[in-house]
Amino acid sequence: MASAPSITYGHQLDCAINAVRLASKLCQRVQLMLKASEKTDKSDDSPVTIADYGAQALVAWSLQKEMPNLPFSMVAEEDSDDLRKSEEGKGLAAKITALVNETISAEANAGPNSLSQDDVLALIDSGNSQGGSEGFHWVLDPIDGTRGFVGMRQYAVCLGLLHHGKVVVGVLGCPNLPQKRIEDADGVAESASKAGTDGVGVIFAAERNQGAFAGPLSGNGRPGEQLQLGDSQDFSQVRFMESYESKHSDHDFTAMLAAKLGVTQSPLRLDSQAKYGALARGDAAINLRFPHKSYREKIWDHVAGALIVEEAGGKISDASGAPLDFGKGRWLDLDRGIVSATPTVYKALLQAIKEVEVQPR
Ligand SMILES: Nc1ncnc2c1ncn2[C@@H]1O[C@H](COP(=O)(O)OS(=O)(=O)O)[C@@H](OP(=O)(O)O)[C@H]1O
Ligand SMILES: [Mg+2]
Ligand SMILES: [Mg+2]
Ligand SMILES: [Mg+2]
């Protein structure tokens, strides 16, 4: 008897790619005109720009336009509270609305009907789903690495789809990432300064059980280069990645881990989930994230990147080796730290974490 066909998510993948490309265009526009006044600080002290809000509205608009008959649930980072409260917030809301409409008419040929400010605020708030382990939920970080975005470094538009708590689609738009593999930190900084030019800007896309792919962000359709990780065990040739900001991940602890593993190359420090894309295409073999103990991880910071790494043949888990459970709501509750790596290196890494953690810190 023929076995039941497995579910595929090709249409959702295509819709996610279109939405990420559109939102990335908006981010690129803003990066060209970014001023300090268009950046606010949220209550948790993280920055947010008109591009974070605009990108969130555009992704919600694009997904719903392309799949009008499906129920829509989205777990996303931003909400419109600060844009409704004060005169300053309302001024930002007007700018965001103009930006969203400009991007739609320039990129999406969507006809003359523009969105009102209320439409845009409602689109932003459509990201208020609580997610969970049943049904479909889009998961969006409209700009991951906002500090990198403001600082003209790396950032990523990150969109994933959960089905019954498992990631089934993951797309990362990385406007400032070089299309060639990264040789060193100087190369990444240089590519960010050349955003929008040939050779800069990458889209990563993965569908569960169908592989991970990369290609130019500026192209059309699905990216064409399939990613398949090699698995070097020569630790003198292995390089690791970590957050650009030491307050997001403990650089002293990762240096101890690297020494334990015999990794001698200096780390590559990049903002955002661009690190997961870079790992999937082999720019480095390890990605380490060890935030402060009190920090609670959000699912949108890892959903898209996790599938891209796994579909390229890599491993990802918390620091104790437990799988990441994205079906528990907006947060990820886990044992300190998230690690991802090529398969053999990953095994050695978990062992090294155990050994380093028992030492006094
Ligand atoms: N204190 C603290 N500790 C750990 N992580 C934090 C912390 N504060 C923020 N964040 C989250 O980190 C997201 C940015 O990702 P990275 O840490 O990989 O990038 S960075 O190099 O540090 O910019 C960043 O994502 P965005 O807010 O989307 O930019 C945050 O979700
Ligand atoms: Mg943020
Ligand atoms: Mg983020
Ligand atoms: Mg963000």
Side-chain angles (χ1 to χ4, degrees), residues 20 23-24 27 30-31 34 38-56 59 75-83 124 127 139-160 170-177 182 185 188-189 192 240-254 267-279 283-284 286-306 308-309 316 318-319 326 330-334 336-340:
V20 166
S24 299
C27 297
V30 176
Q31 206 166 49
L34 191 69
E38 281 156 2
K39 179 183 84 134
T40 61
D41 282 299
K42 294 200 285 193
S43 48
D44 64 358
D45 209 25
S46 63
V48 58
T49 66
I50 56 169
D52 298 63
Y53 293 119
Q56 182 155 323
V59 168
V75 179
E77 180 178 6
E78 311 301 344
D79 63 56
S80 75
D81 289 0
D82 291 343
L83 303 174
I124 293 169
V139 179
L140 172 70
D141 193 337
I143 296 187
D144 185 35
T146 307
R147 283 179 200 283
F149 176 79
V150 172
M152 304 290 163
R153 301 188 308 265
Q154 295 302 318
Y155 66 97
V157 177
C158 311
L159 179 62
V171 179
L172 294 176
C174 303
N176 288 357
L177 197 69
I182 299 166
V188 200
F240 76 94
M241 283 181 291
E242 61 186 344
S243 293
Y244 185 88
E245 309 245 359
S246 57
K247 76 171 185 183
H248 288 184
S249 184
D250 183 343
H251 289 177
D252 294 336
F253 181 65
T254 56
L268 203 51
R269 292 184 175 143
L270 296 188
D271 313 86
S272 84
Q273 287 184 61
K275 291 188 280 295
Y276 287 129
L279 173 65
D283 295 18
I286 306 174
N287 181 17
L288 299 175
R289 178 171 169 92
F290 288 92
H292 192 270
K293 276 195 168 67
S294 63
Y295 183 74
R296 216 174 161 198
E297 293 280 5
K298 327 290 191 308
I299 62 171
W300 52 77
D301 281 320
H302 304 284
V303 157
I308 288 163
V309 166
I316 180 165
D318 78 3
F326 295 115
R330 292 172 71 86
W331 285 274
L332 255 182
D333 286 318
L334 40 76
R336 216 178 79 86
I338 297 180
V339 297
S340 47

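Whatever order the structure lists ligands and atoms in, that order sets their numbers, starting from 1. Throughout, residue positions are numbered sequentially from 1 according to the sequence presented.
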Undergrad: Considering only heavy atoms of D271, which atoms of ligand 1 have at least one such atom less than 4.0 Å away?
TA: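 It comes down to these atoms of ligand 1: 19 (O), 20 (S), 21 (O), 23 (O).
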
Undergrad: Just going by heavy-atom distances, which of E297, K275, H292 is nearest to atom 18 (O) of ligand 1?
TA: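 Nearest option to atom 18 (O) of ligand 1, by heavy atoms: K275.
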
Undergrad: Using a distance-only test with no angle check, is there a side-chain donor-acceptor pair under 3.5 angstrom linking E242 and S249?
TA: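 Looking only at side-chain atoms, S249 and E242 do not form any donor-acceptor pair under 3.5 Å.
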
Undergrad: What protein heavy atom is closest to atom 12 (O) of ligand 1, reported as residue, atom name and distance in Å?
TA: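 Checking every protein heavy atom, the shortest distance to atom 12 (O) of ligand 1 gives H248 ND1, 3.4 Å.
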
Undergrad: Minimum heavy-atom separation for V139 to W300, with atom names?
TA: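 Closest approach of V139 to W300: CG1-CA, 3.5 Å.
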
Undergrad: Considering all heavy atoms of both residues, which atom of R289 and which atom of S243 are nearest to each other, and what is their separation?
TA: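 Where R289 meets S243 most closely, the heavy atoms are NH1-OG, 3.8 Å.
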
Undergrad: Nearest 0.5 Å, please: how far is CD in E245 from CZ in R153?
TA: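 Output value for this atom pair is 6.0 Å.
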
Undergrad: At under 4.0 Å between heavy atoms, which part of D52 makes contact with ligand 1: side chain, backbone, both or neither?
TA: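 No part of D52 comes within reach of ligand 1.
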
Undergrad: Find, among atoms of D301 that are N, O or S, the one nearest to the Mg ion (ligand 3), and state its name.
TA: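 Per the distance ranking, D301 contributes OD1 as its closest N/O/S atom to the Mg ion (ligand 3).
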
Undergrad: Could you state the interatomic distance from OG (S272) to CG (D141), rounded to the nearest 0.5 Å?
TA: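 If I round to the nearest 0.5 Å, the distance is 9.0 Å.
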
Undergrad: Could you check if a side-chain atom of D144 sits within less than 4.5 angstrom of a side-chain atom of F149, using non-hydrogen atoms only?
TA: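 A side-chain contact is absent here, since even the closest heavy-atom pair is not under 4.5 Å.
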
Undergrad: Considering distance alone, does some N or O of G145 sit under 3.5 Å from an N or O of ligand 1?
TA: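 Right, the criterion is met.
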
Undergrad: Tell me whether E77 has at least one N, O or S atom under 2.8 Å from the Mg ion (ligand 2).
TA: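 Here the distance criterion (N, O or S atom, under 2.8 Å) is met by E77, so yes.
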
Undergrad: Do the side-chain N and O atoms of Y276 and H302 include a donor-acceptor pair separated by under 3.5 angstrom?
TA: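 Yes, because at least one side-chain N or O of Y276 sits under 3.5 Å from a partner of the opposite role on H302.
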
Undergrad: Would the distance check show the side chain of D283 and the main-chain N or O of I182 forming a donor-acceptor pair, the cut-off being under 3.5 Å?
TA: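 Side chain of D283 to backbone of I182, a donor-acceptor pair under 3.5 Å: yes, one is there.
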
Undergrad: In ligand 1, which numbered atoms sit nearer than 4.0 Å to a non-hydrogen atom of T146?
TA: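 In order of number, 29 (O).
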
Undergrad: Check whether any N or O atom of R147, backbone or side chain, sits under 3.5 Å from an N or O atom of ligand 1, and answer yes or no.
TA: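 Looking only at distances, the answer is no, because the N/O contact criterion of under 3.5 Å is not met.
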
Undergrad: Just heavy atoms, cut-off under 4.0 Å: does E77 contact ligand 1 by side chain, backbone, both, or neither?
TA: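 Within the 4.0 Å criterion, E77 contacts ligand 1 through side-chain atoms alone.
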
Undergrad: Side chain, backbone, both or neither: which part of Y244 has a heavy atom under 4.0 Å from ligand 1?
TA: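 The part of Y244 near ligand 1 is both the backbone and the side chain.
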
Undergrad: Check whether any N or O atom of R153, backbone or side chain, sits under 3.5 Å from an N or O atom of ligand 1, and answer yes or no.
TA: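 Such a contact does not occur with ligand 1.
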
Undergrad: Would you mind listing which atoms of ligand 1 come within a distance below 4.0 Å of any non-hydrogen atom of D141?
TA: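 The atoms of ligand 1 under 4.0 Å from a heavy atom of D141 are 28 (O).
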
Undergrad: Tell me, do R147 and Y155 make a side-chain contact under 4.5 Å, heavy atoms counted?
TA: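 When only atoms from C-beta onward are counted, Y155 and R147 do not touch, as no gap falls below 4.5 Å.
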
Undergrad: For the Mg ion (ligand 3), give me the closest N/O/S atom belonging to D141, just the atom name.
TA: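 Relative to the Mg ion (ligand 3), the closest nitrogen, oxygen or sulfur of D141 carries the name OD2.
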
Undergrad: May I ask you to identify the nearest protein heavy atom to atom 10 (N) of ligand 1, giving residue, atom name and distance to one decimal place in Å?
TA: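 In this structure, atom 10 (N) of ligand 1 has Y295 OH, 3.2 Å as its nearest protein heavy atom.
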
Undergrad: If you compare all heavy atoms of Q31 against all heavy atoms of G148, which two are closest, and at what distance to 0.1 Å?
TA: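 So the minimum-distance heavy-atom pair works out to NE2-O, 4.4 Å.
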
Undergrad: List every atom of ligand 1 that sits less than 4.0 Å from any heavy atom of K247, numbering the atoms from 1 in the order shown and giving each element.
TA: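 By the 4.0 Å cutoff, the relevant atoms are 1 (N), 2 (C), 3 (N).
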
Undergrad: Of all N, O or S atoms in D144, identify the one at the shortest distance from the Mg ion (ligand 3).
TA: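 The atom in question is OD1.
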
Undergrad: What atoms in ligand 1 come closer than 4.0 Å to a heavy atom of D144?
TA: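 So the answer, numbered in order with elements, is 13 (C), 14 (C), 15 (O), 24 (C), 25 (O), 26 (P), 28 (O), 29 (O).
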
Undergrad: Under a heavy-atom criterion of less than 4.0 Å, does V48 contact ligand 1?
TA: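 Not so, V48 does not reach ligand 1.
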
Undergrad: Does any N or O atom in D301 lie less than 3.5 angstrom from one in ligand 1, N or O only?
TA: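 N/O-N/O distance under 3.5 Å: yes.
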
Undergrad: Which of the numbered atoms in ligand 1 are under 4.0 angstrom from any heavy atom belonging to L270?
TA: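 Counting from 1, the qualifying ligand atoms are 21 (O).
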
Undergrad: Quick one: does any side-chain atom of Q273 pair with a main-chain N or O of G305 as donor and acceptor, under 3.5 Å?
TA: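 Such a contact is found between Q273 side chain and G305 backbone.
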
Undergrad: Just wondering, more than 12 heavy atoms not from Y244 lying within 6.0 Å of its OH?
TA: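 For Y244, atom OH is not crowded (no more than 12 foreign heavy atoms under 6.0 Å).
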
Undergrad: Do K298 and W331 make a side-chain contact, defined as non-hydrogen atoms from C-beta onward lying under 4.5 Å apart?
TA: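 Of all side-chain heavy-atom pairs linking W331 with K298, at least one is under 4.5 Å.
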
Undergrad: Among all the protein's non-hydrogen atoms, which is closest to atom 19 (O) of ligand 1, and how far away is it?
TA: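 Checking every protein heavy atom, the shortest distance to atom 19 (O) of ligand 1 gives S272 N, 3.2 Å.
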
Undergrad: So which protein heavy atom does atom 5 (N) of ligand 1 come closest to, and at what separation?
TA: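 That would be R289 NH2, 2.9 Å.
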
Undergrad: Does S243 approach ligand 1 within less than 4.0 angstrom via side chain, backbone, both or neither, non-hydrogen atoms only?
TA: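 The part of S243 near ligand 1 is both the backbone and the side chain.
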
Undergrad: Is the backbone of L140 close enough, under 3.5 Å, to the side chain of E77 for a donor and an acceptor to pair up by distance?
TA: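 A pair under 3.5 Å: no.
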
Undergrad: Do any nitrogen or oxygen atoms of G148 lie less than 3.5 angstrom from nitrogen or oxygen atoms of ligand 1?
TA: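 No; the residue has no nitrogen or oxygen that sits under 3.5 Å from a nitrogen or oxygen of the ligand.
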
Undergrad: What closest approach, in Å, do V309 and S340 show between heavy atoms, and which atom pair accounts for it?
TA: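 For V309 versus S340, the nearest heavy atoms are CG1-CB, 4.3 Å.
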
